[in-house]
There are 2 protein chains.
Amino acid sequence: MRERLSRDAIVHRAIEVADREGVAAVTIRRLADDHGVTPMALYWHFKDKEELFDGIAERLFADVTLPLLTGAAWHTELRAVLGAFLAAIRPHPTVADLALTRILASDAGLTIADRVLGLLRQARFSPEQAAEVGSYLLCAIITLVRSEPGPERALDEEVRDAAVREKRARLHALSPKRFPNVVASADALADCANEDSYFERGLDLLVEGTRGIQPG
Amino acid sequence: MRERLSRDAIVHRAIEVADREGVAAVTIRRLADDHGVTPMALYWHFKDKEELFDGIAERLFADVTLPLLTGAAWHTELRAVLGAFLAAIRPHPTVADLALTRILASDAGLTIADRVLGLLRQARFSPEQAAEVGSYLLCAIITLVRSEPGPERALDEEVRDAAVREKRARLHALSPKRFPNVVASADALADCANEDSYFERGLDLLVEGTRGIQPG
DNA sequence: ACCTGAACACCGTTCAAGT
DNA sequence: ACCTGAACACCGTTCAAGT
């Protein structure tokens, strides 16, 4: 893994490490090791760790393939953009929240934000309302990925399965008098039964919610 | 600050520190100092830092005053629970995301989750659907607090104002050809104009969205 | 039961220096 | 332009020991 260091290579490796071992494993020294280089070498490419995180977020936004505008209803187009964003971050649940505060920090992020804002304006939201609703919608998509029921995705299958079983057992063991609904939903709370339908339902909720508060 | 260490005192101080200086400032050694005690003293009260974070999350859930059930429509009751949860975490935006993955880890969290699940069951969601939608709704409330437009709340007024001005200037300086909608919403993106209406709108969106995907 | 002292293996980052 | 070496000020945590 020595072929000339670069921002891109470092960011790429950082995402790999995060996907496999969690964000906590993403460390300057660890990345340096992986690239066969001194920790300080990274500081030529990034001012500090914060800037490395900026790079990761930017990459996530850059991975979004923005759907073409078809002239369909605004809420149809909105669902398409949010879906595209969701598709881009789904493979990287552990780094997704780095994007939460960095939407407006890169060209790629701005492009997506601008699209969402435009659709909201089309739906008669004011610039102020669009700002609040739009930035929230993107954050809500990130949260959809981060908070999928079940233990962290970035684990060995074996370890993960054990964690699911333990969680399910713990929930089933709760008092059905005190927590009847939690017990009734225990299986689905311990692990998401169907990821696709979970994400579809989440998208639906957000788009329908936006329609529900449409002005006028 | 020496009056006998306790879980509660440590958690209380940890939240204070996080509110004023951010979660990164919450450190075993720092808390030990604040309490006039050796770092290792904390390890008698908490197995590790993770358990301290559990304690913080639990406290947030315990601060929620669950509204009485009035027999109103399920979506009215739902809005009341979510609003109560929102009210509890609003003062602590920086620690809110510690609660994201810990809803089912304490009695207080389970109580809130059970209420939400119950209302969703009342609205004819299946146990599986209720699990997915319910846990997402609580996470979405946390995200509402975390992703309010503008720089971090946990800053001196002066520093924060400067950050807002800089962000606004940066957004206004963008190409209006490439990012027309971002530029149009620049002020509202740089800083939330009215927190209360931002949160009200967010609650509306989530409740209306839930109604929008109600089965049957 | 509750806390200390010393030590270990980690961090991010600075600064001067090398090629 | 790109990277290294040595050093600093921090972390969380273990383990044996004190009262």
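Owing to the predicted nature of the structure, the values given are computational and were not obtained by experimental measurement. Note on naming: letters A, B, ... go to the chains in the order of the sequence lines (proteins, then strands), and numbering restarts at 1 for each one.
Proximity of A/His35 to the phosphate of D/dC3: no side-chain N or O atom is located under 4.0 Å from OP1 or OP2. Regarding contacts with the backbone of C/dC10, every side-chain N or O of A/Thr27 stays at 4.0 angstrom or more from both OP1 and OP2. The phosphate of C/dC3 has OP1 or OP2 within less than 4.0 Å of a side-chain N or O from B/His45.
Distance, A/Leu52 CG to C/dC11 C1': 14 Å, rounded to whole Å. Rounded to a whole Å, the CZ atom of B/Arg29 is 10 Å from the P atom of D/dC10. Put simply, CD1 on B/Ile28 is 11 Å from P on D/dT14, counting in whole angstrom units. Between A/Leu42 atom CG and C/dC11 atom C1' there is a gap of 14 Å when expressed in whole angstrom units. Rounded to whole Å, atom P of C/dC2 lies 13 Å from atom CZ of B/Arg7. When rounded to the nearest whole Å, the span between CD of A/Glu50 and P of C/dT13 equals 9 Å. Here the P atom of nucleotide C/dT19 and the CE atom of A/Met40 are 16 Å apart, to the nearest Å. As a whole-Å value, the separation of B/Lys49 NZ from D/dC11 P is 9 Å.
In this structure, A/Arg13 pairs ionically with A/Glu16, as a charged nitrogen and a carboxylate oxygen lie closer than 4.0 Å. Salt-bridge check for B/Glu128 with A/Arg201: failed, with every basic side-chain N at 4.0 Å or more from each acidic carboxylate O.
In this structure a side-chain-to-backbone donor-acceptor pair under 3.5 Å is missing from A/Arg178 to A/Leu174. When atom types are taken as modelled, the side chain of A/Glu51 and the backbone of A/Lys47 share a donor-acceptor pair closer than 3.5 angstrom.
With distances taken from any side-chain atom of B/Thr38 to the nucleotides C/dC3, D/dC3, C/dT13, the minimum falls on C/dC3. Minimum atom distance to the side chain of B/Ala41 is reached by C/dC3, of the listed C/dC3, C/dT13, D/dC2. Nearest to the side chain of A/Pro39, among C/dA1, C/dT13, D/dT13, sits C/dT13. Which of D/dT4, C/dT4, D/dT13 sits closest to the side chain of A/Val37 comes down to D/dT4.
Figure legend. C/dT19 is base-paired to D/dA1; pairs are counted as Watson-Crick or G-U wobble with both atom distances under 3.5 Å. With a cut-off of 3.5 Å on both Watson-Crick or G-U wobble distances, the partner of D/dT14 is given as C/dA6.
Ring-plane geometry between B/Tyr136 and A/Tyr198 is classed as perpendicular, the angle between the planes exceeding 60 degrees on a 0 to 90 degree scale with a lower cut at 30.
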